[in-house]
Amino acid sequence: FNYDYYAKKTVQVYPEKEVFVIRTEHEWEDIVALDRQLGGQGNFKRHGQVVSHGSEDYIPSPISIEAYHKLCCVLEHEIQVYLDLLQRAQNLNESAKQEGNESLRNKCGVSTSWDQWRATCRAHLDMDLKLLTKSTSR
């Protein structure tokens, strides 16, 4: 399931509740910060080894920049939900939130405001759909 699916069952139903996040790209940094914020020591070692599920070895898909930008456009609603969660995250400082926003802007090729980017995306997707519909109706 996607961010929107879970947001509809959690943060949108209970908007007054605190939100804590763990971002895959910053998994251990976020887990340690969250553990410390909740009163823990931020120590996730067992027998001298850090306990992990392997996300630190994540390698991004080798798709083209243009394809990545189009994928972002298709997922623009999901991106909006993600940005909302990022801003509401109690365990991230403003610097981490800004870094997350900027990282996403760079990946998606956003050089304007998010609202302008969404409008441009919708226009491009509408144009692509028209071209696709036209070519398949022949």
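Everything numeric here is computed off the predicted structure, so don't read it as measured data.
- Inter-residue side-chain proximity for Glu66 and His69 is flagged as unmet; no heavy-atom pair is nearer than 4.5 Å.
- The backbone N or O of Val32 sits nowhere less than 3.5 Å from a side-chain atom of Arg36 that would complete a donor-acceptor pair.
- Relative ring orientation between Trp117 and Trp114 is described as perpendicular, the plane-to-plane angle rising above 60° on a 0-90° scale split at 30° and 60°.
- Within the 4.5 Å cutoff, the side chain of Thr120 has no heavy atoms near those of the Thr112 side chain.
- Val21 approaches Val19 most closely through the heavy-atom pair CG1-CG1, 4.0 Å.
- Expressed to the nearest 0.5 Å, how far CD of Glu94 lies from CG of Asn101 amounts to 11.0 Å.
- Looking only at distances, no side-chain donor or acceptor of Arg23 sits under 3.5 Å from a matching main-chain atom of Leu86.
- Residue Ile79 holds its CD1 atom at 8.0 Å from CG of Leu71, rounded to the nearest 0.5 Å.
- Following chains of ILVMFWY side-chain contacts shorter than 4.5 Å, one can reach Ile31 starting from Leu38, so the two form part of one hydrophobic cluster.
- Atom CD1 of Ile65 is surrounded by 12 or fewer heavy atoms from other residues, nucleotides or ligands within 6.0 Å.
- In the hydrophobic clustering of ILVMFWY residues, with side-chain heavy atoms under 4.5 Å counting as a link, Leu83 and Val110 come out together.
- Here the shortest heavy-atom pairing between Arg105 and Ser111 reads NH2-C, 4.0 Å.
- Counting heavy atoms from C-beta on, the side chains of Lys70 and Asp128 come closer than 4.5 Å.
- Between Asp4 and Lys8 there is a salt bridge, since a side-chain N of the basic residue sits under 4.0 Å from a carboxylate O of the acidic one.
- The two residues Lys97 and Leu92 make their nearest non-hydrogen contact at CE-O, 3.2 Å.
- Rounding to the nearest 0.5 angstrom, the gap separating the CD1 atom in Ile22 from the CG atom in Asn91 is 7.0 Å.
- With Gln37 contributing its side chain and Gln90 its backbone, the two residues share a donor-acceptor pair below 3.5 Å.
- With Cys121, the cysteine Cys73 has an SG gap short of 2.5 Å.
- Closest approach of Ala7 to Val81, counting heavy atoms only: CB-CG1, 3.8 Å.
- Donor-acceptor pairing under 3.5 Å is recorded for the side chains of Gln98 and Glu102.
- Relative orientation of the Tyr82 and Tyr3 rings is tilted, given thresholds of 30° and 60° on the angle between their planes.
- No donor-acceptor pair under 3.5 Å is formed between the side chain of Lys17 and the backbone N or O of Thr10.
- Separating the NZ atom in Lys134 from the CG atom in Leu131 is a distance of 7.5 Å, to the nearest 0.5 Å.
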